[in-house]
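Below: the structure, in structure tokens.
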Amino acid sequence: MTVTDLNVDDMMTPYPNKVLKNRKKHIVAKTDGAASCPQIEANTRTVPGIISQRGCCYAGCKGVVVGPIKDMITITHGPIGCGYYSWGTRRNKARADDRTPPEHIFSAMCFSTDMQESDIVFGGEKKLAKMIDEVVEIFHPRAINICSTCPIGLIGDDLGAVSKAAEEKHGIPIIHYNCEGYKGVSQSAGHHIANNQIMEKMVGTGTDGPAGDRVINILGEYNIGGDGWEIERILEDIGYTVNSILTGDSAYANIKNLHSANLNLVQCHRSINYIAEMMETKYGIPWLKVNFIGVEATIATLRDVAQCFGDEDLIAQTEVVIERELAAITPELERYRSICKGKTAFTFVGGSRSHHYQYLLKDLGMEVVVAGYEFAHRDDYEGRDVIPTIKSDADSKNIPELHLEADPDMYEEPNLHLNMSKEKYDELVEAGHFATYDGMYPDMVDGGVMIDDPNHYETEELIEIFHPDLIFSGIRDKYISHKMGVPSKQLHSYDYSGPYAGFRGSIIFAKDVANALSTPAWQMITPPWDKTETEGGD
Ligand code: CFM
């Protein structure tokens, strides 16, 4: 069956009518290379009863955005399971540096109030206050995060009051997040809550940020498997000063100085676009959507960034670094490419990578025939023009918008932060420099399918219809494909591998993909449903 023959009705026959009607809106095929993306339903509630692969609001706030801040202690206020299951699984790496000595790195630890039945009945505020006292006494952190879980919202513990009292007592910032798991429709609400608090309580409070006119922040890069370090290596080689990567290997000590940057680069647009937009409003700092996944994408990104600064030295040095890095990786990449070429993939990740990895797979000669997102919004599929402001998030029903005033000491026309004329800046905007990598649809192959919030059943159906050679997903769906005899690679945690970003990362990725595609194991297994009685099995 070819991809263009996909008949969604056939695929979804077991559904009752109402469910069919709902799910059909979440799937879009690109046919005849159509330039404009059909509307896709996204960021809406999963049909109750369907086994979705989404996570919760707490996962998006604690697990994704604030958990990786290495010099803060992040307390999970709730029963132990939430803290335990979000402990160390994301592989966001951290290390000591000039500002953060090893004894100040807490991101690999798990802190939880371990709420018991009696705490739920009588309230957990005292327990939380006591825990803050304990962690301050034992670890002396610079600042503390408190993330709430579902039961906390239901019993009504006042985290704001506890944090305020503890701040006065201990003299350090204590930031609370009302990110109860049930809020919103997915992780996405948690990203937004985390962004708001970081913006309100941390950004702009520091006075010791890096000086210079080539200072950048990288937003939406979480250092999974060391990705952030590879990106930082390249950028510093070219001559930029990286103030902070949010939030991979980041520190409170640097986040408070986020406003010292001339430019914000946004790698994951889903989880941290809010901070980029809010910083533009408050400080006039421009932001650029980038992609460091893929060799060609990394090159294009580096050139875009240099163009933003418009500095001849930077532009020249960018080319020197590109040439040197390409020379170092090309022979090995070619070897893996010869194995991967012509193969197809199904990517299913959160809200950003199914798009970004298409560039790296293209470098290897592979095509993505099905791309799914757990919790993306319409703009992640269709492009930012579709829903131009953060106000239109379905999330915002749960999340009060921050009303930011422009800071008169900092706010300038965005061009001035880049030491560039307004005309030149407008020219770059016009040329699309602020819209590259916007929306997945333009990068889909003809006949390819985008699907929002796919469930276990639909994943199986799509594998049977498209027969992809490789599936990129997460731990929840990895074994679905294994059972069907199709190899898979985790794109959330990279299994135990990485980094995959930048130049050096592309080689590691290519090697992992070539290994997965060429292992003979997949031809040797017979799935249980194809086994005859005599072949055994239970
Ligand atoms: Fe952004 Fe992410 Fe992603 Fe995401 Fe995530 Fe992740 Fe992801 Mo897993 S922040 S949206 S909430 S790129 S943890 S590092 S891999 S689902 S596609």
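One-based numbering, in listed order, for ligands and for the atoms of each.
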Taking only heavy atoms of [X], which atoms of ligand 1 are found under 4.0 Å from at least one of them?
X      : answer
Val349 : 7 (Fe), 15 (S), 17 (S)
Tyr222 : 9 (S), 14 (S)
Ser271 : 1 (Fe), 9 (S)
His492 : 7 (Fe), 8 (Mo), 15 (S), 16 (S)

Which heavy atom of the protein is the closest neighbour of [atom], given with residue, atom name and distance?
atom                    : value
atom 3 (Fe) of ligand 1 : Ser352 CB, 3.7 Å
atom 17 (S) of ligand 1 : Gly350 N, 3.1 Å
atom 1 (Fe) of ligand 1 : Cys268 SG, 2.2 Å

Carboxylate-amine/guanidinium proximity below 4.0 Å for Glu458 and Arg23: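 Here Glu458 pairs with Arg23 in a salt bridge, since their nearest N and O are under 4.0 Å apart.
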Quick one: ring-ring contact (aromatic ring centres under 6.0 Å, His included) partners of Phe509, sequence neighbours excluded?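 With sequence neighbours excluded, Phe509 shows a ring-ring contact (aromatic ring centres under 6.0 Å, His included) to Tyr357, Phe472, Tyr500, given in chain and number order.
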For Thr344, all residues meeting side-chain contact (heavy atoms from CB on, under 4.5 Å), sequence neighbours excluded: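 With neighbours one apart ignored, the set is Val369, Pro468, Asp469.
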Does [X] have a non-hydrogen atom less than 4.0 Å from ligand 1?
X      : result
Phe375 : yes
Gln187 : no
His356 : no

Under the 3.5 angstrom rule, does the side chain of Glu221 hit a backbone N or O of Gly248 as a donor-acceptor pair?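 Answer holds: no.
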Side-chain donor/acceptor of Asn196 to backbone N/O of Ile193, under 3.5 Å: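 The answer is no, because no donor-acceptor pair under 3.5 Å joins these two groups.
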Considering all heavy atoms of both residues, which atom of Asn178 and which atom of Lys183 are nearest to each other, and what is their separation?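 Reported closest heavy-atom pair: O-NZ, 2.8 Å.
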Can you see which heavy atom on Ile224 is nearest to which on Tyr494, and at what distance?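 Minimum heavy-atom separation between Ile224 and Tyr494: O-CE1, 3.4 Å.
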